[in-house]
Amino acid sequence: MAEHVEVLITEEDVDARIQAIGEQISRDYEGRQVHLVCVLKGGSFFMCELAKRISVPVSLDFMSVSSYGKDTKSSGVVKIVKDLDESLKDKDVLVVEDIVDSGRTLSYLLEMLRDRGPKTLRLCTLLDKPERRVVDVHVDYTGFEIPDEFVVGYGLDYDQRYRNLPYIGIVKFEEASIETQ
Ligand code: IMP
Ligand code: MG
């Protein structure tokens, strides 16, 4: 289907916000080491940019989950596709996500990670769509609250494309192709 992408948040604005969150995290975790847990693939671009702007010691780990259900609608039941390499026991864990939408995936995931005994467990997301929330999830650090639109870029995809855009864009579907659907 033909579509195009309209800029919602510019590269400059995303970069400035990540810088500010990085500074905030550095203050909040002063004297400690922060263990960043990236949820692949969407969280990877944000995690790398954020990690570069944190001044306390940082360690990183990655996990990949898939939710059973349709692409843009998450069921909340999460299957671990790739688990973390390291234990979370007694670590100051900060989960780094691309977006919190319904909140189903994260509420399930956070509960699972909490069972692994981290000293602290917090959540940082680049984007939040509060209007779409179905399950309550406590977000500690938010980049931007956005309206209920399907967005891409900075790690977020539509059909596995657009993750590499250095800005956040809204996917617009072209009228002609909608008519012929
Ligand atoms: P939740 O369980 O509904 O919060 O699902 C969140 C997941 O859905 C995110 O990690 C994304 O993978 C995906 N998602 C939600 N909204 C968007 C969007 O606007 N663009 C791209 N992916 C999205
Ligand atoms: Mg995600």
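One-based numbering, in listed order, for ligands and for the atoms of each. Not measured: the values here are computed from a predicted model.
Between Arg104, Lys129, Glu97, Arg163, it is Lys129 that holds the heavy atom closest to atom 19 (O) of ligand 1. Looking at Tyr162, Tyr108, Phe150, it is Phe150 that brings a heavy atom closest to atom 21 (C) of ligand 1.
Geometrically, ligand 1 and Thr105 share a nitrogen or oxygen pair separated by less than 3.5 Å. Inclusion of Val152 in the set of residues having an N or O under 3.5 Å from an N or O of ligand 1 is not warranted. Any N or O atom pair closer than 3.5 Å counts here, and Leu156 shares no such pair with ligand 1.
Using a 4.0 angstrom heavy-atom cutoff, Gly42 does not count as in contact with ligand 1.
With sequence neighbours left out, Tyr29 forms a side chain to side chain donor-acceptor pair (under 3.5 Å) with no residue at all. In this view, Glu86 and Lys91 satisfy the salt bridge (charged side-chain N to carboxylate O under 4.0 Å, His left out) rule, not counting sequence neighbours.
Taking every non-hydrogen atom of Val151 and a distance limit under 4.0 Å, the qualifying atoms of ligand 1 come out as 18 (C), 19 (O), 20 (N), 21 (C). Distances below 4.0 Å separate heavy atoms of Asp157 from the following atoms of ligand 1: 21 (C). Atoms of ligand 1 lying under 4.0 Å from at least one heavy atom of Glu149, given by number and element, are 19 (O).
Note that the CG atom of Leu127 and the OG1 atom of Thr142 stand 9.5 Å from one another [nearest 0.5 Å].
Between Arg27 and Glu30 no salt bridge is recorded (no basic side-chain N to carboxylate O distance below 4.0 Å).
Here Leu106 has no heavy atoms under 4.0 Å from ligand 1, in either its backbone or its side chain.
Heavy atoms only, all atoms of each residue included: Lys82 and Phe62 are closest at NZ-O, 3.2 Å. The shortest non-hydrogen separation linking Pro130 to Asp128 is CD-O, 3.1 Å.
Between Phe150 and Phe173, the closest side-chain pair of non-hydrogen atoms is not below 4.5 Å.
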